[in-house]
Amino acid sequence: MKKLYILLAISFSFGLSAQTIISGGTLATATWNLAGSPYIVQAAIYIPGTNVLTIDPGVVVKFLPQSKITVDGQLVANGTAGQPIIFEANDTTGWSNQTNTTGGWNGIQMMSYAGSGTDQSILRYCTIRDCKYGYAFTVPLTNAFSCYRELDILNCTFNHNNSGTGFYVADPPLNLSTAGAGDSIRVDNCDIYDNTSIFGIIRTVNTAGYTEVTRSEFYNNYKGSCIWGIWNNLLIDNNEFHDNSCEGDNGPIKISIGTVVIKRNKVHHNTTQQLAAIGCRSGMVTIEDNL
């Protein structure tokens, strides 16, 4: 019996894990590694233009309500297939109540790059989930992910995010907006599911630059269009859209103004109210070789 007690004590000690508390505010250049995971973000954090936050594969970052990451510098979140990087709410209790901010957080906001030298920011094999709006008034940049710069978003998962259902001014879960003529945002081989927003799940705005969404799967999203392109220079290529439920003037793909190529996509088993599988209001739109 004595030996049994010793074995239990040893097993329990190996089950314990470290955690790192991030109280909020401006971050110095740093690397978040597995030894310090999970990282608990208690309030909004900011990465200025001169600084870089590197997050190692396998790290879990948990956020308290109303906390978020705003990036003017660099965010290098380069996970792997076997060790993805997870961004999630610390506690999702109350997430389904969209009249308050409990149970969620306010996402990652990649602003225009304000540093010098080459921006090395990337999101690869990352999961962003559990974001919610929950405000009764206008609060900008509180959605799951915003991007206003050149960026690769590769092999990522966006799920269980709600961006202001019923609130007119709320941003979509993924707001992709290029302003520089040479900027490109590339979304490739991503899973985007179980998100809700009236004004699009991904919304693209290209006053300059270029956005492409390729080889990604959209499913079980609700209310808004899976992709809503506004003022576009946009490629939608080789994606699959299925089992999405769109309300009002929304469909799986909705295009308003600009130059768009929609090709080699599979669009099936979706429901809509007013719009078709692909709805185009205006612009130069090429639709070819889709199912």
Side-chain angles (χ1 to χ4, degrees), residues 17-28 30 32 36-48 51 53 55 58-73 75 77 79 84-111 123 126-148 153 156-176 192-203 220-224:
S17 60
Q19 68 176 25
T20 303
I21 302 298
I22 307 296
S23 59
T26 300
L27 296 185
W32 292 358
S37 182
Y39 289 78
I40 312 298
V41 179
Q42 296 181 321
I45 56 177
Y46 171 62
I47 304 171
N51 295 352
L53 175 61
I55 303 178
V59 167
V60 176
V61 187
K62 294 179 175 289
F63 295 83
L64 271 63
Q66 298 181 287
S67 61
K68 63 179 179 178
I69 303 177
T70 301
V71 184
D72 283 347
L75 174 62
I85 297 167
I86 309 296
F87 300 92
E88 63 184 6
N90 184 58
D91 181 358
T92 58
T93 302
W95 183 91
S96 60
N97 184 350
Q98 295 301 318
T99 65
N100 58 56
T101 60
T102 60
W105 61 292
N106 292 152
I108 299 173
Q109 316 301 327
M110 303 288 295
M111 310 309 291
L123 269 71
C126 294
T127 294
I128 298 176
R129 61 191 180 207
D130 306 332
C131 293
K132 63 181 286 189
Y133 190 76
Y135 297 96
F137 46 88
T138 303
V139 181
L141 297 172
T142 55
N143 53 315
F145 185 78
S146 292
C147 182
Y148 296 91
I153 305 165
C156 290
T157 297
F158 298 86
N159 73 292
H160 197 240
N161 299 296
N162 188 308
S163 188
T165 298
F167 194 61
Y168 186 81
V169 297
D171 285 322
L174 281 79
N175 186 15
L176 308 180
I192 301 165
Y193 66 95
D194 192 24
N195 303 288
T196 303
S197 175
I198 288 179
F199 298 101
I201 305 304
I202 289 182
R203 191 166 68 208
N220 293 340
N221 297 291
Y222 304 98
K223 296 187 181 293

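Count residues from 1 along the sequence.
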Inset, instruction - Provide the closest heavy-atom pair for Gly58 versus Ser37 in the form atom of the first, atom of the second, distance. - result: O-OG, 4.3 Å
Inset, instruction - Measure the shortest side-chain to side-chain distance between Tyr39 and Ile55 over non-hydrogen atoms and say whether it is less than 4.5 angstrom. - result: no
Inset, instruction - Using side chain to side chain contact (heavy atoms under 4.5 Å, CB included) as the criterion, point out the one residue from Thr127, Val41, Ile108 that pairs with Phe87. - result: Ile108
Inset, instruction - Give a yes-or-no answer on whether the side chains of Ser146 and Gln109 include a donor-acceptor pair shorter than 3.5 Å. - result: yes
Legend entry - Ile85 side chain reached by Trp32 side chain, heavy atoms, under 4.5 Å: no
Inset, instruction - Mind listing the closest non-hydrogen atom pair of Glu88 and Trp105 along with its distance? - result: C-NE1, 3.6 Å
Inset, instruction - Determine whether Cys147 and Leu176 make a side-chain contact, defined as any pair of heavy atoms from C-beta on separated by less than 4.5 Å. - result: yes
Legend entry - Distance-only polar pair, side chains of Asn195 and Asn221, donor-acceptor under 3.5 Å: yes
Legend entry - Close side-chain approach of Asn143 to Tyr133, heavy-atom, < 4.5 Å: no
Legend entry - side chain to side chain contact (heavy atoms under 4.5 Å, CB included) between Phe145 and Leu123, worked out: CA-CA 11 Å; Phe145 185 78; Leu123 269 71; 3.8 Å; yes
Legend entry - Donor + acceptor pair across side chains of Thr102, Asn100 (<3.5 Å): yes
Legend entry - Test item: Arg129 and Ile86 side chains (from C-beta on) under 4.5 Å apart, heavy atoms: yes
Legend entry - Contact summary for Gly200 and Pro173, nearest pair of heavy atoms: O-CD, 3.3 Å
Inset, instruction - Mind checking the CG-CE spacing from Asp72 to Met110? Nearest 0.5 Å is all I need. - result: 9.5 Å
Legend entry - Lys132 versus Asn97, closest heavy-atom pair with distance: NZ-O, 2.5 Å
Legend entry - Where Ser197 and Pro172 come nearest, the two heavy atoms and their spacing: OG-CA, 3.9 Å
Inset, instruction - For residues Thr196 and Gln98, determine if any side-chain heavy atom of one lies less than 4.5 Å from a side-chain heavy atom of the other. - result: no
Legend entry - Verdict with reasoning, Gln66 to Val139, per side chain to side chain contact (heavy atoms under 4.5 Å, CB included): CA-CA 11 Å; Gln66 298 181 287; Val139 181; over 6 Å; no
Legend entry - Asn162 and Tyr222: side chain donor to acceptor below 3.5 Å: no
Inset, instruction - Please examine the side chains of Thr26 and Pro48, heavy atoms only from C-beta on, and report whether any two atoms are closer than 4.5 Å. - result: yes
Inset, instruction - Kindly give the heavy-atom pair with the smallest separation between Gly103 and Ala89, and that separation in Å. - result: O-CB, 3.7 Å
Legend entry - Side-chain touch Ile202/Phe158, heavy atoms, less than 4.5 angstrom: no
Inset, instruction - Using side chain to side chain contact (heavy atoms under 4.5 Å, CB included) as the criterion, point out the one residue from Leu27, Ile22, Ile45, Asn106 that pairs with Ile69. - result: Ile45
